[in-house]
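Working notes for the structure below.
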Amino acid sequence: MVRASSVVRLYLACVAAAGSALAVGLRAGQIKNLVTFGDSYTDTVIVSNGGTQWPVYAAGFAHVDLFPFARSGATCSNNLTFRPFPSLFESQLPTYFNATGTAPNTKPPKKGIVNPDQTLYTLWLGTNDVGSNALLTGSDQASLVDVTECMINWVKVLFSSGARNFLFQNMIPLETVPLYSPNSYPARYWTAQRNTTEWSVFMKELVLSGNALTKLMLQALAPTLPGAHIGIFDSHSLFADMFAHPALYLNGTAPLNVTGAVQACVFELNESTSDTGDCTIAKGTDRDSFLWFDELHPSEQADRIVAREIAQVIEGKKNKWTTWLS
């Protein structure tokens, strides 16, 4: 007699195999344009790593044109987690639609502006949504479910405007950045008293839960969008691996460092962040020994790694951090 649990497992395995067979992702040579959305991790105007941001490297590595719309400080929506910065839905998407002459539920972009079949759209968001002055410290307006649903709506809105190729970059293990680690200190992003261990534990749960929710939502969404290619780039696993095995990724001339930062500035408790704090700053090639640029942002070397991996995706190659759902 075959047990019911065995039948269920066999069924799920068949479904998974069928899904993977259909989820072919991008063709080699297909992508000519990279369109980026997100926050300071992706912003190419206000650069957060003290050098060159990953989309510039990725576009160069893959030899494609870059159209950057990400902006520092952004959340998914200021109607959910308000911050006085250009959010995805209230600023970045309208700017994109204005620049391309498209809007949801209208004809695809005009030829010569952005060809949907030849364009990859990326989103790397969530750090500000779950961080200090947002979900981590309490929000009266939104929950983690609201925020993750908002991010998934990015795919829906762009799809209805003609976009077809999407790469969703999930949140990194934020409990390992200096700001949210158990050994964090007053820094420019937060100088008030807090329980650093509690923050770190809570942040880990927010990130893991948020990433799990977005994955489930994207898996449910993918079959409903005919002709779309949706991939998940596992930033979380990549940064966890960089944190655990820095010698595989960092190549600077100083001792490898995954707990400090290129530019580490300690403030007094409740000190105004208009002051500079007591800073230790790495120079030259020593900078490439660090995983973090400051208390919140990846270093330029970490961003080069992100760019290298995403360039593989753009080129239609197999990438160990990327899973295609459709």
Side-chain angles (χ1 to χ4, degrees), residues 39-43 46-58 72 124 126-128 130-132 136 169-191 194-204 207-208 233-269 271 273 275-310 320-321:
D39 53 32
S40 57
Y41 282 19
T42 304
D43 188 354
I46 301 175
V47 179
S48 63
N49 64 19
T52 299
Q53 203 75 292
W54 75 262
V56 177
Y57 280 122
S72 294
W124 199 5
T127 295
N128 295 317
V130 302
S132 57
L136 180 67
Q169 298 165 252
N170 67 10
M171 291 183 283
I172 70 171
L174 288 169
E175 74 279 2
T176 62
V177 305
L179 178 62
Y180 299 125
S181 77
N183 300 314
S184 64
Y185 47 85
R188 62 170 54 86
Y189 303 106
W190 191 271
T191 62
R194 81 272 198 188
N195 184 321
T196 58
T197 300
E198 181 182 36
W199 265 37
S200 189
V201 171
F202 188 23
M203 179 56 77
K204 181 177 182 179
V207 169
L208 290 175
F233 182 81
D234 193 356
S235 308
H236 189 279
S237 292
L238 173 58
F239 273 81
D241 202 51
M242 286 196 276
F243 187 85
H245 306 104
L248 298 178
Y249 303 97
L250 307 180
N251 58 6
T253 48
L256 303 185
N257 192 322
V258 298
T259 57
V262 171
Q263 183 173 291
C265 297
V266 181
F267 287 75
E268 297 293 331
L269 280 175
E271 182 179 354
T273 54
D275 300 321
T276 58
D278 182 12
C279 298
T280 302
I281 301 176
K283 304 286 187 179
T285 53
D286 283 0
R287 294 157 49 95
D288 292 341
S289 295
F290 290 83
L291 180 58
W292 313 113
F293 172 71
D294 61 14
E295 289 79 12
L296 182 59
H297 299 95
S299 67
E300 185 176 18
Q301 176 59 17
D303 276 341
R304 289 190 191 100
I305 300 301
V306 172
R308 181 190 71 190
E309 300 302 318
I310 290 184
K320 68 180 294 186
W321 310 108

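Numbers for residues simply follow the sequence, beginning at 1.
With sequence neighbours excluded, no residue satisfies ring-ring contact (aromatic ring centres under 6.0 Å, His included) with F290. Annotation: ring-ring contact (aromatic ring centres under 6.0 Å, His included) contacts of W321 (sequence neighbours excluded): none. Scanning for side chain to side chain contact (heavy atoms under 4.5 Å, CB included) contacts around F202 gives L136, L206, with sequence neighbours left out. Under the side chain to side chain contact (heavy atoms under 4.5 Å, CB included) criterion, K204 pairs with E175, L208, sequence neighbours left out. Residues that satisfy the ring-ring contact (aromatic ring centres under 6.0 Å, His included) test with F267, not counting sequence neighbours, are absent from this structure. Under the side-chain hydrogen bond (donor to acceptor under 3.5 Å, both in side chains) criterion, T42 pairs with W54, sequence neighbours left out. Applying the salt bridge (charged side-chain N to carboxylate O under 4.0 Å, His left out) test to E300 and every residue at least two apart in sequence or in another chain returns R287, R304. In this structure R194 satisfies the side-chain hydrogen bond (donor to acceptor under 3.5 Å, both in side chains) test together with S184, sequence neighbours excluded. For V47, the side chain to side chain contact (heavy atoms under 4.5 Å, CB included) partners are N49, Q53, not counting sequence neighbours. In terms of the ring-ring contact (aromatic ring centres under 6.0 Å, His included) criterion, residue partners of Y57 (sequence neighbours excluded) are, by chain and number, F61.
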**Request:** Tell me, with the steps shown, if I310 and Q169 meet side-chain contact (heavy atoms from CB on, under 4.5 Å).
**Result:** CA-CA 10 Å; I310 290 184; Q169 298 165 252; 3.4 Å; yes
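For the pair L291 and A302, the tightest heavy-atom approach, listed with the atom from each and the gap, is O-CB, 3.7 Å. What you find for P182 and T196 is that their closest heavy atoms are O-OG1, 2.7 Å. Minimum heavy-atom separation, D288 to L250: O-CB, 3.5 Å. The minimum heavy-atom distance linking L174 with V130 is given by the pair CD1-CG2, 3.8 Å. Considering every non-hydrogen atom in both W190 and S132, the closest pair reads CE3-CB, 3.6 Å.
Below 30°, between 30° and 60°, or above 60°: for W124 and F239 the angle between ring planes is between 30° and 60°, a tilted geometry.
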Run the side-chain donor-acceptor check on residues 255-263: report pairs under 3.5 Å with partners two or more places apart or on a different chain.
unit_1: N257; atom_1: OD1; unit_2: T259; atom_2: N; d: 3.0
unit_1: N257; atom_1: OD1; unit_2: G260; atom_2: N; d: 2.6

Report all side-chain donor-acceptor pairs from residues 278-285 shorter than 3.5 Å, counting only partners two or more places apart or in another chain.
unit_1: T285; atom_1: OG1; unit_2: T253; atom_2: OG1; d: 2.8

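Side chain of S299 to backbone of F293: no donor-acceptor contact under 3.5 angstrom is found. For T176 (side chain) and P173 (main-chain N/O), a donor-acceptor pair under 3.5 Å exists by modelled atom type. Looking at Q301, its side chain never comes within 3.5 Å of a backbone N or O of S289 through a donor-acceptor pair. A donor-acceptor contact shorter than 3.5 Å links the side chain of S235 to the backbone of N170.
Residue-environment remark: CD (E271) exceeds the threshold of 12 foreign heavy atoms within 6.0 Å.
Between S40 and H297 there is a side-chain heavy-atom pair separated by less than 4.5 Å.
With rounding to the nearest 0.5 Å, the separation of OG1 in T127 from OH in Y180 is 8.0 Å. Going from atom CG of D303 over to atom OG of S48 covers 6.5 Å, rounded to the nearest 0.5 Å.
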